[in-house]
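Before any comments, here is the structure.
Scope of the values below: all heavy atoms of this structure, side chains included, with no hydrogens, waters or symmetry mates.
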Amino acid sequence: MAETDARPEEPGSGEQPLEADRLRDLLLAPGYLKTLIVSALIGVPVSLVAFWFPVGPHELQHLLWADLPHDLGWDTPPWWWPLPLLLVAGAVVGLVAARLPGGGGQVRRPACTPAAPRRPRCPAS
């Protein structure tokens, strides 16, 4: 029985420098460098926005529930404090739904509406 030699190639075999040269050529190619720069120009601002996005709602929550009631003279928000905030939020959502284009969801087309389901007929016995 002949056994196969499963040893890895030796470092001095000739295959390694060829792959390293190909990789070096690919990484130094002008097209690759341009793609890398464009990716960085797009990716860095997007990642910064994504990282700082939770700060906005946190600051707004602190403003509405801590700073504003304190500025109006209350130590803690009164029991009715959520009602005006809900009224303002509802008005904003209503204006957005009324004024911006779109129907607020999927628009049904007459040709795409499913037909009424038919009752199966029972065979006469």
Closest heavy-atom pair and its distance - P69, P77: CG-CG, 4.0 Å

In short, P82 meets W65 closest at the heavy-atom pair CG-CH2, 3.7 Å

Identify whether [X] and [Y] are in the same connected component of the hydrophobic contact network (ILVMFWY, side-chain heavy atoms under 4.5 Å).
| X | Y | answer |
| --- | --- | --- |
| L87 | L95 | no |
| L64 | L72 | yes |
| L41 | V49 | no |
| L85 | L83 | yes |

For V55, side chain to side chain contact (heavy atoms under 4.5 Å, CB included) partners two or more places apart: W52, E59

Can you list the residues that meet the side chain to side chain contact (heavy atoms under 4.5 Å, CB included) rule with L27, with sequence neighbours excluded? L23, Y32

Going by salt bridge (Lys or Arg N to Asp or Glu O under 4.0 Å), name the residues that satisfy it together with D71, two or more places apart in sequence or in a different chain. none

Any ion pair linking R24 and D21 (charged N to carboxylate O, less than 4.0 Å)? yes

W80 ring center near W74 ring center (under 6.0 Å): yes

Value rounded to 0.5 Å, distance of CG in D75 from NE2 in H70: 7.5 Å

Taking the side chain as C-beta and beyond, is there a heavy-atom pair between L68 and W81 under 4.5 Å? yes

